[in-house]
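Because only heavy atoms are used, hydrogens play no part in the values below, and waters and symmetry mates are left out as well, while side chains stay in. Source: prediction; values computed, not measured. Convention: sequence-line order gives letters A, B, ...; per-chain numbering from 1.
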Number of protein chains: 2
Amino acid sequence: MFSQTAEYAMRAIVWLAEHRDNEKMFGHREISRGTKVPESYLPKILNSLVKADLVISKRGAGGGFRLSRDPVAISLLQVMNAVDPLQRIHSCPLKLKAHKSQLCPVHAKLDATLAEVEKTLANSTIQEVLYQPNFPHPLRE
Amino acid sequence: MFSQTAEYAMRAIVWLAEHRDNEKMFGHREISRGTKVPESYLPKILNSLVKADLVISKRGAGGGFRLSRDPVAISLLQVMNAVDPLQRIHSCPLKLKAHKSQLCPVHAKLDATLAEVEKTLANSTIQEVLYQPNFPHPLRE
DNA sequence: TCTATAATGGATAAAGTTGTCCTTTATTGC
DNA sequence: GCAATAAAGGACAACTTTATCCATTATAGA
């Protein structure tokens, strides 16, 4: 349902949120170790997050990655959409003309389900999922 | 989010529901024309639906496919699960021991979202999406 | 029993996703 | 400027999903 890449992106953002410290940058190797995201694949994912403006990168010595803003201002939906945009059903997949202005009940129901998911993810912040009483800490053994 | 195969399966089930007529069987070519599912791929999908016991097939002359039961007794979730099972997050994707008995808030939230989807699809029947006032008919131009 | 019909199952191809590696570009400190 | 460092970007490999095709199996009717 959610792609592997989306799962990886969530872990990377959460790791960066947990290690956030002013403007300190973290290399992709260190992030990979902390998230178990394949070291060679992680840079692609971080780059998508940079392009979505959720993460800031800096090249060269002392460079690396950091969150662009407070975890309270990043939603799970923004993370998803950065790497694997949630595709709503905007138009009839069969391209039927009669369904152009309005989806049939089948696709309307499927899209309503997607809308629910979108809303749930939009209303959850990274801050919220960092720690909750009686839950184990993300990424921590 | 929902796979192409799941979309095709929905169309095929809906088509069979709309054409249901006692024990009449329909060939995959006719169903393909009515659903725009690729003719060579549709038999695979119908076969999955047969294995899930939502559809009954019969070989040979006069054979084909038909629904195994009333559309009111088939949920969208059953159709999904027949071809592309909705994967809940049952255990920590990082295999962290500390998350064995309980998911961390990140995965708990993602799984809660999947649970929502599961519930919504489980509570929608094929009968419900066949026709609704002020909606265009499924599959019909 | 023979022929026509239609699903089943397996092999294969095409496309998309995930993962690896290497070169290029940018940045820092000497 | 030079060397070391680290992200960006592109080529490519492995795997999965989607799609095609063909041989096999089952059924009906003559």
Side-chain angles (χ1 to χ4, degrees), chain A residues 1-12 15-16 23-68 80-87 93-94, chain B residues 1-12 15-16 23-68 80-87 93-94:
Chain A
M1 196 84 182
F2 301 124
S3 73
Q4 187 64 24
T5 302
E7 158 74 21
Y8 289 161
M10 290 288 172
R11 287 191 215 165
W15 191 95
L16 286 170
E23 315 222 317
K24 189 170 176 206
M25 300 299 235
F26 302 91
H28 78 274
R29 272 167 242 274
E30 183 177 5
I31 303 170
S32 168
R33 278 193 300 276
T35 55
K36 296 192 181 168
V37 176
E39 194 175 295
S40 63
Y41 190 43
L42 182 56
K44 305 278 189 208
I45 293 165
L46 288 166
N47 194 243
S48 296
L49 296 170
V50 168
K51 283 177 174 145
D53 201 37
L54 301 176
V55 165
I56 288 173
S57 66
K58 204 174 134 197
R59 295 190 187 184
F65 301 90
R66 67 175 175 85
L67 286 196
S68 69
M80 281 282 171
N81 279 341
V83 294
D84 190 12
L86 193 150
Q87 304 271 29
L94 288 95
Chain B
M1 196 82 183
F2 301 126
S3 73
Q4 187 64 24
T5 302
E7 158 74 22
Y8 289 162
M10 290 287 173
R11 288 191 215 165
W15 192 95
L16 286 171
E23 314 223 317
K24 188 168 175 210
M25 300 298 234
F26 303 90
H28 80 274
R29 271 166 242 274
E30 184 177 5
I31 303 171
S32 167
R33 279 192 300 276
T35 55
K36 296 192 182 169
V37 176
E39 195 176 293
S40 65
Y41 190 45
L42 182 57
K44 304 278 188 209
I45 292 165
L46 288 166
N47 194 244
S48 296
L49 296 170
V50 168
K51 284 178 175 142
D53 201 37
L54 301 177
V55 164
I56 287 173
S57 66
K58 203 174 135 196
R59 294 190 186 185
F65 301 90
R66 67 176 175 86
L67 285 195
S68 68
M80 281 281 171
N81 279 341
V83 294
D84 189 13
L86 192 149
Q87 305 270 28
L94 289 94

To the side chain of Gln4(B), which of dT18(D), dT20(D), dG19(C) is closest?
dT18(D)
Got Ile31(B) and Val37(B) here, is their nearest side-chain heavy-atom distance under 4.5 Å?
no
Donor-acceptor pair, side chain of Ser57(B) and main chain of Gly64(B), under 3.5 angstrom
no
Atom pair distance, as rounded to whole Å: CG in Leu42(A) and P in dT18(C):
14 Å
Out of dA7(C), dT20(D), dA7(D), minimum distance to the side chain of Phe65(A) belongs to dA7(D)
Would you mind reading off the distance between Ile56(B) atom CD1 and dT27(D) atom P, rounded to a whole angstrom?
14 Å
Could you please name the option among dT8(C), dA19(D), dA7(D) that lies closest to any side-chain atom of Arg59(A)?
dA7(D)
Take the protein atom CZ of Arg29(B) and the nucleotide atom P of dT5(C), then report the distance between them rounded to whole Å.
11 Å
Report yes if at least one side-chain N or O of Lys51(A) is closer than 4.0 Å to OP1 or OP2 of dG9(D); otherwise report no.
yes
Side chain of Lys44(A): nearest nucleotide among dA11(D), dT8(C), dA8(D)?
dA11(D)
Report the distance from atom CE of Met80(A) to atom CD of Glu7(A), rounding to the nearest 0.5 Å.
8.5 Å
Between P of dG19(C) and CD1 of Ile45(A), the distance in whole Å
8 Å
Taking atom types as modelled and ignoring hydrogens, do the side chains of Thr5(B) and Asp84(B) form a donor-acceptor contact shorter than 3.5 angstrom?
no
More 5' along DNA chain C: Ser40(A) or Gly62(A), using each one's nearest nucleotide?
Ser40(A)
To the nearest Å, how far apart are Asp84(B) CG and dT18(D) P?
7 Å
Round to the nearest Å and state the distance from Lys24(B) atom NZ to dA6(C) atom P.
13 Å
At less than 4.0 Å, is any side-chain N or O atom of Lys58(A) found next to OP1 or OP2 of dT25(C)? Yes or no.
no
State which of dT18(C), dA7(C), dG19(C) makes the closest approach to the side chain of Ser3(A).
dT18(C)
The answer to which of Pro43(A) and Gly60(A) contacts DNA chain D further toward the 5' end, by nearest nucleotide, is Gly60(A)
Rounded off to whole Å, could you give me the CD1-to-C1' distance for the Ile31(A) and dA6(D) pair?
12 Å
Would one find a side-chain N or O of Thr5(B) under 4.0 angstrom from OP1 or OP2 of dT18(D)?
yes
It should be established whether Asn47(B) places a side-chain nitrogen or oxygen under 4.0 Å from OP1 or OP2 of nucleotide dG9(C).
yes
For the backbone of Asp53(B) and the side chain of Ser68(B), can you confirm whether one donor and one acceptor N or O come within less than 3.5 Å of each other?
yes
Between dT8(C), dA7(D), dT18(D), which one does the side chain of His28(A) approach most closely?
dA7(D)
When rounded to whole Å, the CG to P distance for the pair Leu46(B) and dT20(D) reads 15 Å
Can you tell me if Tyr8(A) touches the phosphate of dG19(C), counting only side-chain N or O atoms and a distance under 4.0 Å to OP1 or OP2?
yes
How far does CE of Met1(A) sit from CD of Gln87(B), to the nearest 0.5 angstrom?
11.0 Å
